[in-house]
Visitor: 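Structure below; questions to follow.
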Amino acid sequence: MEGFRYSNVEREMEFRSYDQAVKSHCRMCHGGCGVIVLLKDGVVRKILGDPDCPINRGTLCSKGLASIKLLYHPERLLHPKRRIGPKGSGKWERISWDEALDTIAEKILHYKRTCGAESIVLGYGTGRENEAVIYRFANLLGTPNVLTAGHFCYGPRIAASIVTCGSIPVADYDNHPACIMVWGNNIVISNPDEYKGERFSQALDAGARLIAVDPRLTRIAARADIWLRLRPGTDVALALGMARVIVREGLYDKEFVENYVHGWKPFLERIEPYTPERVEEITWVPRDKMVEAARLFATSKPAVIQWGVAIEQQNTSSDANRALLALLAMTGNIDVPGGQVLYTPPKIRTVSEFGAHRMLPEEQRAKRLGGDRFRLAANFAIINPRFVWEAILEERPYPVKMLFFISSNPLLTRANAMQVRRALEKVEFMAVCDFFMTPTAELADIVLPAATWLEMDYIGDFWKRHGYILPRRKVVQVGEARSDHEILNDLAHRVGQGDHWWPRFEGALDWILEPMGMTWREFRDRGEDLRGEVVYRKYERRGFSTPTRKFEIYSTLLEKWGHDPLPQHREPPESPVSTPELYRSFPYILITGRRLPGFFHTENRQIRPLRRLHPEPILEIHPDAASKEGIREGDLVLVQSPRGKAIFKARLFEGMDPRIVSAEHGWWFPEEEDPSHGWERSNINMLTSNDFDHCDPAMGATPVRTLLCRVSPWEKTGRPE
Ligand SMILES: Nc1nc2c(c(=O)[nH]1)N[C@H]1C(S)=C(S)[C@@H](COP(=O)(O)OP(=O)(O)OC[C@H]3O[C@@H](n4cnc5c(=O)[nH]c(N)nc54)[C@H](O)[C@@H]3O)O[C@H]1N2
Ligand SMILES: Nc1nc2c(c(=O)[nH]1)N[C@H]1C(S)=C(S)[C@@H](COP(=O)(O)OP(=O)(O)OC[C@H]3O[C@@H](n4cnc5c(=O)[nH]c(N)nc54)[C@H](O)[C@@H]3O)O[C@H]1N2
Ligand code: SF4
Ligand SMILES: [Mo]
């Protein structure tokens, strides 16, 4: 065995039965965990957590461990295919890569010539480390339209942080925060973005106090010193209420506020109405608990907020992010050891530079779907998906003719699934690149087989803000699968972008690393992570990267774009308060999409050991509510909103207010032969709304966590039709 330093003797023993060990890192989620891949006879046999990796320190989750099951799954797409029957007929024929890419290239050139590059939309879903290549391809093609989940996931965090303080502040778990406030996040299950549960758990073991802000009793809430069980969608009111307590009790960091904060006075006026009484009324959180949490957070130094997607999928998405940032700033926790740090990446080419954003011509940029409807999003090239569906269905403001989805399953993951379905049925040409024939792929004209993380070379975590990069290694080739990066590199040559790409994608990796004076091979062979220099309190020397050079609690950019410069509570578009009429017939607040350990959105339903952990779609309902509705544990239940319905299995769960129910997202049934794979039966996005007036006014975030529903027993037994 070559090229590997053993961590300890035990592992060495284990490796003896293999003939190759390769350091790499997993990407069954957003990625990041260091692994050692063990091979024998050219076959991946085992994956171990790498104890030397600072991200996961040897731990792996169930998905990481199941990577081999994905790699060698018998139903994986292993070669390109062309549809030969009507959409959704399930009739396909195998074609070669040349034929597939030539067809896609031909369509791209055709629509560009006849309808303009803007009629071609590229799409991806959550972070797969392919976004830089997708943007490069789209920008060089001249289409401003890249469809993502960024309007309601991570995008709001990034955009709100950039306008407020120049970058997203990331919790510095290594330097022992004294208090961690986990807000709408379940890091030990979701390990999202730059955060893996391991470092969080170690900080807790080292003695950090814990506050959980979550409507549901999570494992984190159960372990917390204080659990604030708020009404979904009232996060801004709670945060501003806490800010008011901190100010009134003089617990804020006066030095930081005086020297580095812009807009403190108007902020004080804004928070004044958020008295403990009013906050209790809005949020359902007992006032004493809120006050106690505010005190604990403000008096523990340093402290961090671990916050997540739940607060983004609301109509107050950007305000909620900004309210939490304000809490961090006023308590002096920004860019200090053990606080929330603005990390610097290693000196490599940036994602933005790689994405060639500057190369999109101005006149094409001006055609971006959605225009200025959501100005914060527009400034970060983020589009609310509804604009795309409408451009297909109604040809407004111009027709979209072609979709190319690379790692997304929008039929299941975007709000208002019926509208998505109509758009995918109507669009003239669609290509999909995926591991499996998903319900979305079944509607495509051409499907391409994507490589898993074990089949690609890449600089991992290149897009993240924790400051690390890690080598990912190609260890095997299965079928004809190719990485998204190689596919787009190849396609670029076929549509006339060749000068801006590389003969082979490896050239791109050298280019990214060039400023460090290192080649891909050198980085790969070192087999270690690299980290940018960690410097604290950078603002003391150069201020923050904002127009005022200060931490903008009052955002001058949002003001310029016509939005409220200060955070404020707004009722969810559907709620007991904003729509009392509707609440009478839809008497439950519905949370959708809590993360499940073995699945990643719509993924892994076909991976047996993971499916066994969680075989069916679950609706959590409080026992009191269940008995009122005549529902018992394990019953099938119909969940309805004013827009649609879906079927789930009831699980009685005492860990939340009886007025709330919680349904999972991403469910389809790959085991069903029919090409629809039951996509609509338990698809919670049949119920969600993508009405623009329901979305966050600055970001266009869709409020999939705060809708109203009714719940009733599903009368028939067995699997419903
Ligand atoms: N109601 C509701 N809806 C939600 C959410 C919610 O909480 N509630 N959450 C939302 C959020 S936060 C997000 S980010 C979106 C996610 O939305 P999507 O990203 O659309 O969801 P996924 O199921 O992850 O779809 C990814 C598809 O890409 C494939 N894939 C995985 N890796 C690769 C790869 O490297 N290359 C290629 N070519 N294909 C790959 C998978 O097989 C899968 O079919 O869902 C959103 N939808
Ligand atoms: N295993 C697994 N991991 C994943 C994913 C996956 O599908 N599976 N998806 C990935 C993606 S793309 C994302 S965006 C992340 C998301 O990861 P997280 O941010 O951890 O998101 P969730 O687990 O969906 O929600 C976290 C908590 O928010 C609570 N919550 C619901 N509504 C509200 C509310 O209005 N306010 C507050 N404060 N809390 C609320 C829920 O009860 C839940 O416990 O996970 C990533 N990691
Ligand atoms: S948390 Fe993500 S990167 Fe880590 S082992 Fe699990 S799937 Fe892989
Ligand atoms: Mo996400």
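Numbering of ligands and ligand atoms starts at 1, following listing order. No hydrogens, no waters, no symmetry mates; every other heavy atom, side chains included, goes into these values.
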Visitor: If you measure only the distance, is there a donor-acceptor pair under 3.5 Å linking the side chains of Tyr124 and Asp484?
Guide: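 No, because no side-chain N or O of Tyr124 sits under 3.5 Å from a partner of the opposite role on Asp484.
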Visitor: Does ligand 2 have an atom under 4.0 Å from some heavy atom of His30?
Guide: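 It does; at least one heavy atom falls under 4.0 Å.
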Visitor: Please tell me whether His73 and Phe435 form a close aromatic pair, meaning their ring centres lie under 6.0 Å apart.
Guide: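 Between Phe435 and His73, which both carry aromatic rings, the centre distance is not below 6.0 Å.
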Visitor: Does any N or O atom in Asn186 lie less than 3.5 angstrom from one in ligand 2, N or O only?
Guide: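 It does: an N or O of Asn186 is found under 3.5 Å from an N or O of ligand 2.
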Visitor: Tell me if the aromatic rings of Tyr154 and Trp463 count as close, with their centers under 6.0 Å from one another.
Guide: yes
Visitor: Going by distance only, is there an N or O of Arg157 that falls short of 3.5 Å from an N or O of ligand 2?
Guide: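 Between Arg157 and ligand 2 (N or O atoms, distance only) the closest approach is not under 3.5 Å.
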Visitor: Can you sort out which atoms of ligand 2 are near Gly233, meaning under 4.0 Å from one of its heavy atoms?
Guide: 34 (C), 35 (O)
Visitor: So which heavy atom in the protein is nearest atom 25 (O) of ligand 2, and how far is it from that ligand atom?
Guide: Arg705 NH1, 3.2 Å
Visitor: So if I count the atoms of ligand 2 from 1 in the order they appear, which ones are less than 4.0 Å from some heavy atom of Thr126?
Guide: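 The list of qualifying atoms is 12 (S).
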Visitor: Nearest non-hydrogen contact with atom 3 (N) of ligand 2 belongs to which option: Pro192, Pro572, Gly125, Ser190?
Guide: Ser190
Visitor: As an exercise, identify every atom of ligand 2 less than 4.0 angstrom from a heavy atom of Ala310.
Guide: 28 (O), 29 (C), 30 (N), 31 (C), 32 (N), 33 (C), 39 (N), 40 (C)
Visitor: Determine whether the side chain, the backbone, both or neither of Pro597 has a heavy atom under 4.0 Å from any heavy atom of ligand 2.
Guide: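 The answer is the backbone of Pro597.
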Visitor: Which of these passes side-chain contact (heavy atoms from CB on, under 4.5 Å) with Leu60: Ile47, Asp50, Leu48?
Guide: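 It is Ile47; the other options fail the test.
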Visitor: Using a 4.0 Å heavy-atom cut-off, which part of Leu596 comes near ligand 2: side chain, backbone, both, or neither?
Guide: backbone
Visitor: I'd like to know if Cys29 contacts ligand 2, where contact means a heavy-atom distance under 4.0 Å to any ligand atom.
Guide: no
Visitor: Tell me whether atom 4 (Fe) of ligand 3 has Cys26 as a neighbour, meaning an N, O or S atom of it below 2.8 Å.
Guide: no
Visitor: Measuring only between side-chain heavy atoms, which start at C-beta, is Val182 closer than 4.5 Å to Ile211?
Guide: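 SC-SC contact between Val182 and Ile211 ruled out.
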Visitor: Which of the atoms in ligand 2, numbered in the order shown and given with their element, are less than 4.0 Å from a heavy-atom of Asp235?
Guide: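 Once the distances to Asp235 are compared, the set is 34 (C), 35 (O), 36 (N), 37 (C), 38 (N).
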Visitor: Quick one: does Glu312 get a heavy atom under 4.0 Å from ligand 2?
Guide: no
Visitor: Could you name the option among Glu664, His665, Arg594, His601 that has the heavy atom nearest to atom 9 (N) of ligand 2?
Guide: His601
Visitor: Touching ligand 3 at all, Asn56? Heavy atoms, strictly under 4.0 Å?
Guide: no
Visitor: Taking 4.0 Å as the limit for heavy-atom contacts, which would you say applies to Arg595 with ligand 2: side chain only, backbone only, both, or neither?
Guide: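 For Arg595, backbone and side-chain atoms both sit under 4.0 Å from ligand 2.
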Visitor: I want to know if ligand 2 touches Arg231 in the polar sense, i.e. an N/O pair below 3.5 angstrom.
Guide: no
Visitor: Can Glu620 and His622 be counted as having a side-chain donor-acceptor contact under 3.5 angstrom?
Guide: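 No, because no side-chain N or O of Glu620 sits under 3.5 Å from a partner of the opposite role on His622.
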Visitor: Would you mind running through ligand 2 and noting each atom that sits below 4.0 Å from a heavy atom of Pro232?
Guide: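 The list of qualifying atoms is 34 (C), 35 (O).
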Visitor: For ligand 2, which atoms, with element, lie under 4.0 Å from some heavy atom of Gly308?
Guide: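 Numbered from 1, ligand 2 contributes 19 (O).
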Visitor: Of Pro703, Ala221, Ser662, Gly184, which has the heavy atom at the shortest distance from atom 26 (C) of ligand 2?
Guide: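 Heavy atom nearest to atom 26 (C) of ligand 2 belongs to Gly184.
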Visitor: Starting from atom 14 (S) of ligand 2, what is the nearest protein heavy atom, named by residue and atom, and what distance separates them?
Guide: Cys153 SG, 3.2 Å
Visitor: Please compare Gly31, Cys61, Cys33, Gly32 and report which has the shortest non-hydrogen distance to atom 6 (Fe) of ligand 3.
Guide: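 Heavy atom nearest to atom 6 (Fe) of ligand 3 belongs to Cys61.
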Visitor: Residue-level breakdown please: for Phe599 versus ligand 2, do any non-hydrogen atoms fall below 4.0 Å on the side chain, on the backbone, on both, or on neither?
Guide: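 Just the backbone.
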Visitor: As an exercise, identify every atom of ligand 2 less than 4.0 angstrom from a heavy atom of Val213.
Guide: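 Those atoms are 38 (N).
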Visitor: Within the structure, is a non-hydrogen atom of Gln314 found at a distance of less than 4.0 Å from ligand 2?
Guide: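 Heavy atoms of Gln314 do come under 4.0 Å of ligand 2.
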Visitor: Within a distance under 4.0 Å of any heavy atom of Asn185, pick out the atoms of ligand 2 and give their elements.
Guide: 18 (P), 19 (O), 20 (O), 26 (C), 27 (C)
Visitor: Just to confirm my output: which protein heavy-atom neighbour is closest to atom 31 (C) of ligand 2, and how far is it?
Guide: Ile591 CG2, 3.6 Å
Visitor: Is it the side chain (CB and beyond), the backbone, both or neither of Thr218 that lies under 4.0 Å from ligand 2, heavy atoms counted?
Guide: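 Contact part for Thr218 vs ligand 2: side chain (C-beta onward).
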Visitor: When you compare the side chains of Tyr274 and Gln568, does any donor N or O come within less than 3.5 Å of an acceptor on the partner?
Guide: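 No, Gln568 and Tyr274 have no side-chain donor paired with an acceptor closer than 3.5 Å.
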Visitor: Any ion pair linking Arg209 and Asp225 (charged N to carboxylate O, less than 4.0 Å)?
Guide: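 Yes, Asp225 and Arg209 are salt-bridged.
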Visitor: Counting backbone and side-chain atoms alike, does Cys29 have an N/O/S atom under 2.8 Å from atom 8 (Fe) of ligand 3?
Guide: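 No - counting backbone and side chain alike, Cys29 has no N, O or S atom under 2.8 Å.
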Visitor: Could you tell me, atom by atom, which parts of ligand 3 come under 4.0 Å of a heavy atom of Asn191?
Guide: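 Those atoms are 1 (S).
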Visitor: Give a yes or no on whether a salt bridge exists between Glu131 and Lys464, defined as a side-chain N under 4.0 angstrom from a carboxylate O.
Guide: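 Result for this pair is no, no salt bridge flagged.
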Visitor: State yes or no: are the ring centers of Tyr458 and His485 separated by less than 6.0 Å?
Guide: yes
